[in-house]
Amino acid sequence: MSLLRLLGTRRAKIAFNVVSGVIAVGVGILTARHFVSSGWPIHHADVLGVVAAGGLFLAAFGFKAWGWQRLFRDDQRPGTLALAAAGGAATVTGLALPGRADEVVRISVVRRFPGRRVGIGSICLSLFLLGLIDNAALTPIAAISAGIAAPTGWVQAGLIVVAVAGVCAGAVVVFMPKIVCHRWIARFKFVCWVAEHTTTPREAANAWSLVAVSWVLRVLAVFVLLDALSIRTSMPLALGFLCASASAAALPIAPAGGVAQAGAGAALLVSSGIHASEAAAFAVAAQGMIVLAGAGVIVLATTMHAARTRLRLPLRF
């Protein structure tokens with residue numbers, strides 16, 4: 001509790017804002033310098049295809065935020081705009097922050113976004129459930145990829161592990177309301193709090209459906225981007241690339257979340273027969289598109305909130 005009080009002080013908030021600003025500016029400068037000196041990773045890109053892929057990535061952010069909202073208790077749900085902005089901010093800062101540290105960014109944005117105030121505990125619980133739902137929603141994609149998109153036996157084994165982990169994660173979400181109500185553990189105060197704030201199986205199913213749509217949109221975005229950048233028009237390759245990137249994102253510790261995802265995606269492309277330079281370039285381009293989509297979500301969410309405030313429309317969305 002003393003740590004939570006320390007994080008809630010004005011000095012801590014100012015320090016967090018300053019550090020976040022420095023990271024965002026630093027990442028932007030380094031990225032700009034890289035593209036100025038080296039150019040866009042893959043030349044002769046189809047502009048319309050790149051724009052279409054960006055639109056699909058943008059829509060995926062919206063569906064995931066909508067699914068995340070279903071994991072809050074009805075009387076404590078923040079607006080979808082706040083959750084979308086949190087997801088976008090975490091994606092942008094994920095280029096520099098270590099793996100899983102972007103959750104702190106999500107918590108901070110949801111807490112500071114205008115609208116309904118939500119406790120830190122409720123946000124942390126929703127993020128824990130969202131991680132499980134995310135893995136469960138990835139299960140069908142990982143299973144299909146293991147069957148048709150695995151270039152080697154080791155990759156196939158890894159995709160099977162991802163699929164099985166997703167099934168287990170879904171089972172935890174479904175049975176959590178019953179587990180926390182068991183008489184042997186219900187006597188603990190923390191368990192009682194979880195029982196009061198956890199979502200129902202029906203709402204968890206709704207969240208799974210929305211997050212699954214988000215994953216489908218991402219697969220389509222990668223497929224369109226592969227075609228736009230003249231790599232190889234292949235749905236199995238898009239499925240494998242996305243699963244590899246998502247598996248890297250699930251690592252508890254990584255030097256930089258975005259870099260780890262790009263590296264894992266590039267490794268799968270190389271194992272599928274793509275030249276190493278083209279694979280690395282595509283992975284950088286795809287990660288850059290995701291970051292740009294995340295920045296677009298932040299701008300769109302804040303613009304829509306400002307317009308609603310000016311028109312005096314309800315803040316909840």
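Source: prediction; values computed, not measured.
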Check your understanding: Going from NZ on Lys64 to OG1 on Thr80, what distance comes out if it is rounded to the nearest 0.5 angstrom?
Key ->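 If we round to the nearest 0.5 Å, Lys64:NZ and Thr80:OG1 are 15.0 Å apart.
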Check your understanding: If you look at every heavy atom in Asp134 and Arg218, which pair is closest and at what distance?
Key ->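 Where Asp134 meets Arg218 most closely, the heavy atoms are OD1-NH2, 4.4 Å.
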Practice item. Linking directly or through intermediates, with side-chain heavy atoms under 4.5 Å: list the remaining ILVMFWY members grouped with Val51, chain and number order. Key: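 Direct or chained contacts put Val51 with Val47.
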Check your understanding: For Ile160, what are the other residues in its hydrophobic cluster, where any two members join if their side-chain heavy atoms are less than 4.5 angstrom apart?
Key ->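 Noted: Ile160 shares its cluster with Val164.
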Review point. Are Leu138 and Val172 co-members of a hydrophobic cluster defined by side-chain heavy atoms under 4.5 Å apart?
Key: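 In one cluster with Val172: Leu138, yes.
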Check your understanding: Taking a hydrophobic cluster as the set of Ile, Leu, Val, Met, Phe, Trp and Tyr residues connected by side-chain heavy atoms closer than 4.5 Å, whether directly or through intermediates, do Val270 and Leu159 fall within one such cluster?
Key ->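 No: no chain of side-chain contacts under 4.5 Å links Val270 to Leu159.
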Give the table of side-chain donor-acceptor pairs shorter than 3.5 Å for residues 290-298, with sequence neighbours excluded, one pair per line with atom names and distance.
none

Practice item. Enumerate the residue pairs fulfilling salt bridge (charged side-chain N to carboxylate O under 4.0 Å, His left out) with a member in residues 281-300, sequence neighbours excluded, ordered by first and then second residue. Key: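 Checked against salt bridge (charged side-chain N to carboxylate O under 4.0 Å, His left out) - neighbours excluded - no pair reaches residues 281-300.
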Point to revise | Pairwise salt bridge (charged side-chain N to carboxylate O under 4.0 Å, His left out) hits with a residue in residues 154-170, at least two apart | key: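 Found none.
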Check your understanding: Of all residues at least two apart in sequence or in a different chain, which pass the ring-ring contact (aromatic ring centres under 6.0 Å, His included) check with Phe61?
Key ->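 Applying ring-ring contact (aromatic ring centres under 6.0 Å, His included) to Phe61 gives none.
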**Study point:** Arg112 versus Ser108, side-chain donor and acceptor atoms under 3.5 Å
**Key:**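 Checked: Ser108/Arg112 side chains show no N/O donor-acceptor pair below 3.5 Å.
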Point to revise | Test applied, side-chain contact (heavy atoms from CB on, under 4.5 Å); reference residue, Val110; option that passes from Ser126, Pro78, Ser122 | key: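 Answer to the side-chain contact (heavy atoms from CB on, under 4.5 Å) test with Val110 among Ser126, Pro78, Ser122: Pro78.
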Review point. Less than 4.5 Å apart, any side-chain heavy atom of Leu210 and any of Arg70?
Key: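 The answer is yes, as the side chains (C-beta and beyond) meet within the 4.5 Å cut-off.
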Exercise for review: Take atom CZ of Phe223 as the centre, draw a 6.0 Å sphere, and report whether it contains more than 12 heavy atoms from other residues, nucleotides or ligands.
Suggested key: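 Atom CZ in Phe223 is crowded, with more than 12 foreign heavy atoms closer than 6.0 Å.
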